[in-house]
Amino acid sequence: MADAPASLNPAQLEAVHHLRGPCLVLAGAGSGKTRVITHKIARLLQAGLAPKQIAAITFTNKAAQEMRERAKGLVGPKAAKDLVISTFHSLGVRLLREDGQRVGLKEQFSILDSDDVLGVLRDAGSCSDNALARRWQWTISLWKNQGLDSEAALRAAKDADEQVAARVMKLYEERLAAYQAVDFDDLIGLPLKLLQRDEEARAKWQERFGHVLVDEYQDTNAVQYELLKALVSHPDDRRRGLFTAVGDDDQSIYGWRGATIDNLKRLPEDWPTLKVIPLEQNYRSTGHILRAANNVIAGNPKLFEKKLWSEFGDGDPVRLVECDGEEHEAERAVAFIQGLRGQGGALADGRQGGQTKFSDFAVLYRANHQSRVLEQKLRAAQIPYKVSGGTSFFDRAEIKDLCAWLRLLVNQDDDPAFLRAVTTPKRGIGHQTLGKLGEFSGKWKVSLFEALFSESLAAQLGPKAIGSLHEFGRYVNELEHRARHTQGSEDAKALLLEWLKDIGYEQHLYDSEDSEKLAASRWSNVMDFIDWIAKRCGGEITQEGGNFESERQTVLQVAQTISVIISLAERGDEQDVVTLSTLHASKGLEWPHVVLAGVNEGLLPFKSDAEEMTPQRLEEERRLMYVGITRARSTLMVSTLRRRKKGRETVAGIPSRFIAEMKLNEAGANEDPRERLKRLRAELATKAAGVAEQQAAHRGR
DNA sequence: CATACATGAATTTTT
DNA sequence: TTCATGTATG
């Protein structure tokens, strides 16, 4: 969190300094969890562990990356580099690369992605029905997450469908063994098998890691917990488990993919000396928001007692909005954004937030398809947005490579694009040459591309380097010329393919990737990209944003459009846009102003016709609501549909039971009058402080 | 019988 | 948006 306190609070301190035994940190939403983890890493280093002896495990690569970044800020880049901060899966790969042979894997095993798995399953089950194969894949993965093999699965199968799935699983296992391949689940399961069966290996890995930290512990599945145990437990001394699990039972929202809250229940049973430390002080949200969150989650039976509180004032009440249909709801969300935007509201912690930006807003919803209407209305209102989790095609390395070329064609003075294009693929132009070129362009205030043809540069470089540079420059010019004059999808595609062939891009992919399959999949992305551009050159009649475009475009024109998109995307997190996200994808994030959209029975809690609503399911849905509420710092708008269009008729919408559970009307009403006075005073004080700060800042400028 | 087009419905996600 | 199913037509 950006606004974490300058020093650690007592609970955080306790968590950081508990080094000698197992520790469970129950980190409520916005309670400074990452601070605890990074400070604990620093403390462990201080206590004498080497960086490579500290393992911090996360669920996503992104989380791992962020944690390493945060750790770097605290312990310095040198120590941070050697810390083992990785996902469960990459840790598993590490174990298997080193010791896979001990569980019957050859040195070069391959890892199947989920498309590969689907293919194998279709094949093994002689099935052309993709949906069925996908159901098998799902079921099998869940079984593997529980540590079951095909035999155990067959015994556990509840119905005929599951029996079939279990039989397919047996064939699937045989195929994987024959191919020397593993799936994602095996990356956890096989290392576990290794540590359980091989004393020597276990001793080695337990020796290697002096302390293991697990982030988002509530999301672990049964096999992941066993792996953790195998990594840290001494066979003859249970108490010596040196690990820190950090999680929040109230934010466990991944039960449907195998995460089990049992892992939290079992922790104190399995580790009698476990130190349980709740972090209850929240540094994120205002009182109204926090109270609504606490009220909702109070409806769940609790494993551990925990109630969030904060030193911030009550802030704005939660706004409840009732809408007539999804379109209306989207309009209300837009109005909410427009109403707050540009205001200089104070944040929950009293800091002056400055002008409210688009990026201060998020609209959260239960299911992806809900984003559609929102996108339409945001576009109509000219509000920039990004859909989180939307797999950004443009983020892929191979696409970025090609985009660099396109950008260079559009604007030859685009130096970053030049640097990427000139080295992709490698063409004998190295650091030395580019260094000289950069020096030269800096000195004469010209772009790298301009510098390239300069006479006086030739004097400073060898003939070979100059030759390669000139050849590159000439090629770019030629390509630019042709791109300027090529239109129509057929011709465009031909030109683009020729270009790829000229620069040897396919070969480059196969050379730089050690797995042939990975290279092939990257190449197929490239072909998709080419088709996409070519289609745009074809000038079909398309309707976009209300305008009809029927012009055939040249390759260069399309490249221009793309460069604009890219330059916007390259600003990355800094771009000032509203976030649209599912509730699931929003976990761990926060915004000053949040809209929860579609808070209706049927959607949240979600009701499916296929599966029955069990108490466990309902509880997970409630936690999802809790996660949504606690994303907001200052302002929360909860929106529900009173009516909803279904086909041609309008049906009534039922507000979610979670809305009543927030007890919005009682909030503040049951507040002690003395507390109320105290609160108002505090709010005045922070406001005054904010004004003073602003004035000071003004004078400073 | 096969293909083309329209209509409607839609959990949640990472490795 | 995508994906699957249904209808109409060749």
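Chain letters run A, B, ... following the sequence lines, proteins first and then strands; every chain starts at 1. What's counted below: heavy atoms across the whole structure, side chains too, no hydrogens, waters or symmetry copies.
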>> Side chains of A:Trp143 and A:Asp185 only: does a donor on one sit below 3.5 Å from an acceptor on the other?
In response: no
>> Regarding B:dT15, can its base be found pairing with the side chain of A:Arg257 as donor and acceptor, where the two atoms are less than 3.5 Å apart?
In response: no
> Please give, in whole Å, the distance from B:dT13 C1' to A:Arg366 CZ?
Replying inline: 11 Å
>> Using whole Å, what does the distance between atom P of nucleotide B:dT13 and atom CG of A:Leu583 come to?
In response: 10 Å
>> Check the phosphate of B:dT12 against A:Asn368, side-chain N and O only, distance under 4.0 Å to OP1 or OP2. Yes or no?
In response: yes
>> Regarding A:Phe606, tell me which of base, sugar-phosphate or nothing describes its non-hydrogen contacts under 4.0 Å with the strands shown.
In response: base
> What's the CD-P distance between A:Glu620 and B:dT13, to the nearest Å?
Replying inline: 13 Å
> Of the candidate nucleotides B:dT12, B:dT11, B:dT15, which contains the atom at the shortest distance from the side chain of A:His89?
Replying inline: B:dT15
> When we call it a touch if two heavy atoms are under 4.0 Å apart, what does A:Thr60 touch: a base, just sugar-phosphate, or nothing?
Replying inline: sugar-phosphate
>> Without decimals, in angstroms, what is the distance between A:Gln616 CD and B:dT12 P?
In response: 22 Å
> Within the pair A:Ser114 and B:dT14, is there a side-chain N or O less than 4.0 Å away from OP1 or OP2?
Replying inline: no
> So A:Tyr225 and A:Tyr217, would you call those rings parallel, tilted or perpendicular, with 30° and 60° as cut-offs?
Replying inline: perpendicular
> Which nucleotide in the list B:dT12, B:dT14, B:dT15 gets nearest to the side chain of A:Ala367?
Replying inline: B:dT12
>> Rounding to an integer number of Å, can you tell me how far A:Gln251 CD sits from B:dT13 P?
In response: 16 Å
>> Please classify the nucleic acid contact of A:Asn61 as base, sugar-phosphate, or nothing, using heavy-atom distances under 4.0 Å.
In response: sugar-phosphate
>> In whole Å, I'd like the distance from the CD1 atom of A:Ile111 to the P atom of B:dT15.
In response: 13 Å
>> What is the separation between atom NE2 on A:His584 and atom P on B:dT13, rounded to the nearest whole Å?
In response: 7 Å
>> Please report the distance, rounded to the nearest Å, between CD in A:Gln137 and C1' in B:dT14.
In response: 13 Å
> For A:Phe184 and B:dT14, is the gap between ring centres under 5.5 Å while the planes differ by less than 30°?
Replying inline: no
>> Can you tell me which nucleotide in B:dT15, B:dT13, B:dT11 comes closest to the side chain of A:Trp256?
In response: B:dT13
> Base, sugar-phosphate alone, or nothing: which one does A:Arg617 contact when heavy atoms must sit under 4.0 Å apart?
Replying inline: base
> Looking only at atom types and distance, does a side-chain atom of A:Arg622 sit under 3.5 Å from a main-chain N or O of A:Phe658, one as donor and one as acceptor?
Replying inline: no
>> So that I can tick it off, tell me whether A:Glu620 and A:Arg623 are bridged by a salt bridge, with the cut-off set at under 4.0 angstrom between side-chain N and carboxylate O.
In response: yes
>> So if I take every side-chain heavy atom of A:His369 and compare against B:dT15, B:dT13, B:dA10, which nucleotide ends up nearest?
In response: B:dA10
>> Set out, in order, the CA-CA distance, both residues' side-chain angles and the distance that settles side-chain contact (heavy atoms from CB on, under 4.5 Å) for A:Lys33 and A:Glu216, then state yes or no.
In response: CA-CA 10 Å; A:Lys33 168 190 80 163; A:Glu216 304 283 11; 3.2 Å; yes
